[in-house]
Structure formats: C-alpha cells, structure tokens
Amino acid sequence: MSVMVREVYKNDLNELLELYLHLHEEAIPEMTEHLKNTWDAILRDSNHHIIVKEIDGKLVSSCVCVIIPNLTRNIRPYAFIENVVTHADYRGKGYATECLDYAKRIAENANCYKMMLLTGSKSEATMRFYGNAGYNSTDKTAFIQWLE
C-alpha cells in the first residue's frame, strides 16, 4: 500500500475537484479557461498550499493552507486553513489531521505566528476534531460577509 501526505501536483486537479464533492460542492465545475487559469495561479503562488493525503494513488483527504504576509506581530505572517475535507469512505482514520499537521509544519517553516480556520459546521464531532487538532474557538470571534 502506497500512503503519503504531500502537496498537490498539477495533474491532481480532477481528483481534487471530485474530493470537494465530499465538502460542500454539488457538482464538478466545467473545465473552463477560468478554472484552468485559477488552478495555474494557485500552483504558481508560493504562499498557497493544497495538501492531500494519498492512498494507493487516490486522494482521500485535503486541506488548503495559505500563508498571508503581515505587517504586525514583528512582521510575521499568519496561516489560513480552508477546505478541510475527507472522502466519506475514509473518515475517522486521522487523514484530515495528517493534512492539518502538514499545514502546521508549512506555517511553522514560514515563521507564522498563528493559524486560523473557519468551519460552517455546528456538529459537536467537528468542534471536537478541530479542538483535538490544536485549534480553539475562544480566542477570536469570526464574522463573515458573503459576496455575490
């Protein structure tokens, strides 16, 4: 069995989009020029990291870690975590935690002073998962404004 946590490869796009169906997406987007350009921009951006857990060539879990340059906190950046997802057939095995741990190493190597994430879930299991991964929901209050 081949198992690894790594950053995404260029040819992982289709499988990553399929994995996102287990997040909140309802369909795989059409392969448009806009999608290709966005994918290429993500791959070129040294501060944008898509981390995946691969088992026998299949992407089963992923998260995004974006390093954001910052002028405060001794000019130290911070990391933002997004799109944490595990394929429904592979949940409860620690794969998302492995992706988050990989993201933490990226953030530490970039000298980030904090990592943040938001979740839309109100599930007690989800809150426990993020708490066990080292995150807390008491230090800050998040506000979101959705744009059309």
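Values in this document were obtained by computation on a predicted structure and should not be read as measured data. Residue numbers count from 1 along this sequence.
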Worked check of salt bridge (Lys or Arg N to Asp or Glu O under 4.0 Å) between Asp89 and Lys58: CA-CA 12 Å; Asp89 295 342; Lys58 179 178 177 62; over 6 Å; no
To the nearest 0.5 Å, atom CD of Glu7 lies from atom NE2 of His48 at 10.0 Å
| query | More than 12 foreign heavy atoms under 6.0 Å from CD1 of Ile144: is that the case here? | reply | yes
Notebook entry, point to check: Are the side chains of Leu19 and Val52 in touch, meaning some heavy atoms are under 4.5 Å apart?
Noted result: no
(Q) If we ignore hydrogens and angles and just use 3.5 Å, is the side chain of Asn70 paired with the main-chain N or O of Arg76 as donor and acceptor? (A) yes
Nearest heavy-atom contact between Ala110 and Pro77 is O-CG, 3.3 Å
Main-chain N/O of Ala41 paired to Asp45 side chain as donor or acceptor, under 3.5 Å
no
Review point. For the hydrophobic clusters of this structure (ILVMFWY residues joined by side-chain heavy atoms under 4.5 Å, transitively), does one cluster hold both Leu23 and Leu21?
Key: yes
What verdict does the side chain to side chain contact (heavy atoms under 4.5 Å, CB included) test give for Glu15 and Val60, after you've listed the backbone C-alpha separation in whole Å, the side-chain angles of each residue and the deciding distance to 0.1 Å? CA-CA 9 Å; Glu15 195 170 356; Val60 299; over 6 Å; no
d(Ser137 OG, Lys140 NZ) to nearest 0.5 Å is 14.0 Å
Here the gap from Leu13 atom CG to Glu18 atom CD, rounded to the nearest 0.5 Å, amounts to 10.0 Å
Do Tyr102 and Met115 land in one hydrophobic cluster if side-chain heavy atoms of ILVMFWY residues count as linked below 4.5 Å? no
Next item on the list: Decide whether Ile55 and Val85 are clustered together by the hydrophobic rule: side chain heavy atoms of Ile, Leu, Val, Met, Phe, Trp, Tyr closer than 4.5 Å, transitively.
Entry: no
(request) Check step by step if side chain to side chain contact (heavy atoms under 4.5 Å, CB included) holds for Thr86 and His22. (result) CA-CA 7 Å; Thr86 300; His22 296 268; over 6 Å; no
CG (Asp40) and NZ (Lys10) are apart, to the nearest 0.5 Å, by 3.5 Å
- Taking C-beta and beyond as the side chain, do Thr119 and Met127 meet within less than 4.5 Å on heavy atoms? yes
Separation between CE (Met116) and CG (Asp139), nearest 0.5 Å, reads 12.0 Å
Any side-chain heavy-atom pair of Ser2 and Asp56 under 4.5 Å: yes
All heavy atoms of Ala79 vs all of Cys65, minimum pair found to be CB-SG, 4.0 Å
| said: For a side chain to side chain contact (heavy atoms under 4.5 Å, CB included) check, start with the C-alpha distance between Ile42 and Val64, then their side-chain angles and the critical distance, and finish with the verdict. | reply: CA-CA 11 Å; Ile42 288 169; Val64 172; over 6 Å; no
Do Val5 and Tyr95 have side chains that get closer than 4.5 Å, going by heavy atoms? no
### Task
Start with the C-alpha distance between Ile50 and Trp39, add both sets of side-chain angles, then the distance that settles side chain to side chain contact (heavy atoms under 4.5 Å, CB included), and finish with yes or no.
CA-CA 11 Å; Ile50 300 178; Trp39 180 241; 3.9 Å; yes
Treating Ile, Leu, Val, Met, Phe, Trp and Tyr as nodes and any side-chain heavy-atom pair under 4.5 angstrom as an edge, say whether Ile106 and Ile68 lie in one connected cluster. no
Practice item. Would you indicate whether the side-chain heavy atoms of Asp12 and Arg6 approach each other to under 4.5 Å? Key: yes
**Message:** What I'd like to find out is whether the side chain of Ile67 reaches to under 4.5 Å of the side chain of Cys112, using heavy atoms alone.
**Reply:** yes
Q: Kindly indicate whether the side chain of Met31, heavy atoms from C-beta on, has any atom under 4.5 Å from the side chain of Asn14.
A: yes
Quiz item: Is there a path from Tyr78 to Ile51 through hydrophobic residues (I, L, V, M, F, W, Y) whose side chains come within less than 4.5 Å of each other?
Solution: no
Task: Sub-4.5 Å side-chain heavy-atom contact between Tyr130 and Leu100 - done: yes
To the nearest 0.5 Å, atom CG of Leu16 lies from atom OH of Tyr9 at 14.0 Å
